[in-house]
A.B. asks: 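Submitted below is the structure of interest, expressed as C-alpha cells.
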Amino acid sequence: MKTAELFENRTVFSLEVFPPKPDADESVIYDTLNELSDISPDFISVTYGAGGGHNGSKTIQIASDIKHRYGVESVAHLPCIGLKKEEAAEILDSLQAHGIENVLALRGDRRDEDAPTGDFTHASDLITFIKERCDFNVIAACYPEVHPESASAVDDLKWLRYKADCGADHLITQLFLDNRYFYDFYEKARIAGIKVPIEAGIMPVTNKRQIERMVKLCGVELPKKFVRVLEKYEHNEAALRDAGIAYAIDQITDLIAEGADGIHLYTMNYPYVAHKIYDAVQSLFAVSSCLAK
Ligand code: FAD
C-alpha cells in the first residue's frame, strides 16, 4: 500500500528503525521488529546510510521482511548523495523486485571531506528521477526549525514546495521538541500551497549524549522545560528514560488533539520505549480515526 493513502480522516502512526552495523549481530533487528510489529503501526521505515554499500542492501532486505514477514507496510529510505543514476536505478529495481512501494527520497548529509561525485544534488533531483522511472509512492523530509544549510525559512519552504511539485506524496519532519515549531511550520507549508500530508517526527530522548548529537547535527532547539528534565535526571539512566518517554507522550497527545496528519516515532531500535509510548496514546489514535478532519 502507498503511504499517502493512509491519511484519510485519521492520525497515522508510523515507526522508524535503522539496520544493524556491519559487524553487529543481525538477529537483533529481527527481535526488535518482532516487538515493534505487535504495535501494528501503519508503516515502519528503514534508514539507509548515505553512500549506500553494505548497509543499503540491508535496508532493502529489512524493508522487504517488514512487509512480507511481519505484514506491516514498509518504507525504504534512499539518500542520493554520491549516487550515479545507474546506481539509483539499480536500487529502485531491487526495491521493486522486493515488492516495496514506498521510498523516502533524501539527499543525505554532506561530509566536508567528500567532493561531490554523484549525479544528484538535491532530494528533488531524486524525486524527479523516481517519478519519471517508476510508480513509487515518494516521501520527503522537511524541517520545522529550518534545514541548517538554508539561507532562510522562506528559502527552505520554497524548496520544500518544489519537492512537492516534483512529486513528493507525503512529508515527514525532522525531530522537534517544541510543538509550536511544528504548528507554525505546518501553517506556513499550507499557505505555501503544500497540500500533501505532513507527519510529525518525534524522537523520545532517552540519553544525554543522544540529544547532544542530535542538537549538533539538526540544529533543534532545546525548550527550557526539556533542559530542566535533562539536568534533573541525566545521572539516573532509568529516570531519564522514563522522563524522555513522558515528554514524548506529552508532545504526541498535544499533536493528536490538534489533528496532526501523522506521528512518526524515531524508535532508535528501542522497542521498550516505543511500546510505553504507544500504550499511553493508543486510545487517542482510536478516537482520532473517528473524527472527520
Ligand atoms: P534536500 O531536500 O536536498 O535539502 C537540503 C538543503 O538544500 C535544504 O537547505 C533545502 O532547503 C535546500 N534545497 C532543497 N532542494 C533544493 C534545490 N532544488 N535547489 C537548491 N536548494 C535546495 N539521512 C540519511 O543519510 N539516511 C537516512 O535514512 C535519513 N533519513 C531521514 C529521515 C527523515 C524523516 C529526515 C527528516 C532526515 C533523514 N536523513 C537521512 C537526513 C537527511 O539526509 C539530511 O537532513 C540532509 O541534510 C538533507 O536531506 P533532504 O532530503 O532534506 O535534502
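When a ligand or atom number is given, it counts from 1 through the structure's own listing order. As the structure is a computational prediction, the values presented were derived from the model and not from experiment.
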A.B. asks: Which of the atoms of ligand 1 are close to Asp109, meaning less than 4.0 Å from one of its heavy atoms?
C.D. replies: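 With Asp109 as reference, the close atoms of ligand 1 come out as 43 (O), 44 (C), 45 (O), 46 (C), 47 (O).
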
A.B. asks: At what distance is the nearest protein heavy atom to atom 3 (O) of ligand 1, and which residue and atom is it?
C.D. replies: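 Checking every protein heavy atom, the shortest distance to atom 3 (O) of ligand 1 gives His122 ND1, 2.9 Å.
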
A.B. asks: Mind telling me whether Phe43 and His170 have parallel, tilted or perpendicular rings, with 30° and 60° as the class edges?
C.D. replies: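 Judged by the thresholds at 30° and 60°, the geometry between His170 and Phe43 is perpendicular.
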
A.B. asks: Identify, for atom 40 (C) of ligand 1, the protein heavy atom at the shortest distance, and state residue, atom and that distance.
C.D. replies: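 Looking only at protein heavy atoms, the one closest to atom 40 (C) of ligand 1 is Leu106 CD1, 3.8 Å.
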
A.B. asks: Between Arg190 and Asp261, does any side-chain N to carboxylate O distance fall below 4.0 Å?
C.D. replies: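 Yes, this pair counts.
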
A.B. asks: Nearest protein heavy atom to atom 2 (O) of ligand 1, by residue and atom, and its distance?
C.D. replies: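 Ranked first by proximity to atom 2 (O) of ligand 1 is Lys163 NZ, 2.7 Å.
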
A.B. asks: Which residue supplies the protein heavy atom nearest to atom 11 (O) of ligand 1, what is that atom called, and how far is it?
C.D. replies: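 Result: Asp156 OD1, 2.6 Å.
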
A.B. asks: Hey, what do you get for NZ (Lys2) to CD1 (Ile139), rounding to the nearest 0.5 Å?
C.D. replies: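 That separation rounds to 11.5 Å.
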
A.B. asks: Return each pair, listed once, that meets side-chain hydrogen bond (donor to acceptor under 3.5 Å, both in side chains) where at least one residue sits in residues 82-99; pairs must be two or more places apart or across chains.
C.D. replies: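 Pairs touching residues 82-99 that pass the test: Asp93-Arg133.
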
A.B. asks: If you look at every heavy atom in Ser288 and Ile256, which pair is closest and at what distance?
C.D. replies: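 The answer is CB-CG2, 3.9 Å.
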
A.B. asks: Does anything in residues 241-258 pair up under salt bridge (charged side-chain N to carboxylate O under 4.0 Å, His left out), and if so which pairs, sequence neighbours excluded?
C.D. replies: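 Sorted pair list: Lys225-Asp250.
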
A.B. asks: Relative to the ring of Phe176, is the ring of Phe182 parallel (under 30°), tilted (30 to 60°) or perpendicular (over 60°)?
C.D. replies: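 Correct class here is parallel.
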
A.B. asks: Please work out whether the ring planes of Tyr247 and Phe226 are parallel, tilted or perpendicular, with thresholds of 30° and 60°.
C.D. replies: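 Rings of Tyr247 and Phe226: perpendicular, over 60°.
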
A.B. asks: Which option out of Tyr162, Tyr48, Trp159 puts a heavy atom nearest to atom 24 (C) of ligand 1?
C.D. replies: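 Of the listed residues, Tyr48 has the closest heavy atom.
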
A.B. asks: Note the single closest protein heavy atom to atom 30 (N) of ligand 1, along with its residue, its atom name and the distance in Å.
C.D. replies: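 In this structure, atom 30 (N) of ligand 1 has His77 ND1, 3.0 Å as its nearest protein heavy atom.
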
A.B. asks: Measure the acute angle between the ring planes of His147 and Tyr143, then classify it against the limits of 30° and 60° as parallel, tilted or perpendicular.
C.D. replies: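 Geometry flag for Tyr143 against His147: perpendicular rings.
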
A.B. asks: Does ligand 1 have an atom under 4.0 Å from some heavy atom of Tyr143?
C.D. replies: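 Heavy atoms of Tyr143 do come under 4.0 Å of ligand 1.
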
A.B. asks: Measuring from non-hydrogen atoms of Tyr266 to any atom of ligand 1, is the shortest distance under 4.0 Å?
C.D. replies: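 So Tyr266 counts as touching ligand 1.
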
A.B. asks: Give yes or no for whether the N/O distance cutoff of 3.5 Å, strictly under, is met between Ile172 and ligand 1.
C.D. replies: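 Min N/O separation from ligand 1 is not below 3.5 Å for Ile172.
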
A.B. asks: Looking at Lys131 and Asp169, does any basic side-chain N land under 4.0 Å from a carboxylate oxygen?
C.D. replies: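 Judged by the 4.0 Å cut-off on N to carboxylate O distance, Lys131 and Asp169 do form a salt bridge.
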
A.B. asks: Counting each atom of ligand 1 from 1 as listed, which ones have a heavy atom of Gln174 under 4.0 Å away?
C.D. replies: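 The atoms of ligand 1 under 4.0 Å from a heavy atom of Gln174 are 36 (C).
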
A.B. asks: Return the option from Cys80, Ala141, Ala76 holding the heavy atom at the smallest distance from atom 36 (C) of ligand 1.
C.D. replies: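 Among Cys80, Ala141, Ala76, the closest heavy atom to atom 36 (C) of ligand 1 belongs to Ala141.
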
A.B. asks: Looking only at protein heavy atoms, which one is nearest to atom 9 (O) of ligand 1, and what is the separation?
C.D. replies: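 The closest one turns out to be Ser150 OG, 2.7 Å.
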
A.B. asks: Mind checking whether Ser124 has a heavy atom under 4.0 Å from ligand 1?
C.D. replies: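 Flag set, Ser124 near ligand 1.
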
A.B. asks: With atoms numbered from 1 as shown, which atoms in ligand 1 lie under 4.0 angstrom from a non-hydrogen atom of Pro79?
C.D. replies: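 It comes down to these atoms of ligand 1: 25 (O), 26 (N).
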
A.B. asks: Is there a side-chain contact between Asp25 and Pro20 in this structure, where contact means two heavy atoms from C-beta onward sitting under 4.5 Å apart?
C.D. replies: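 Result no, sub-4.5 Å side-chain heavy-atom pair not found.
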
A.B. asks: In the protein, what heavy atom is nearest to atom 5 (C) of ligand 1, and what distance, to one decimal place, separates them?
C.D. replies: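 Result: Arg107 NH1, 3.6 Å.
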
A.B. asks: State the atoms of ligand 1, each with its element, that fall below the 4.0 Å cut-off from a heavy-atom position in Thr47.
C.D. replies: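 What qualifies from ligand 1 is 28 (O).
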
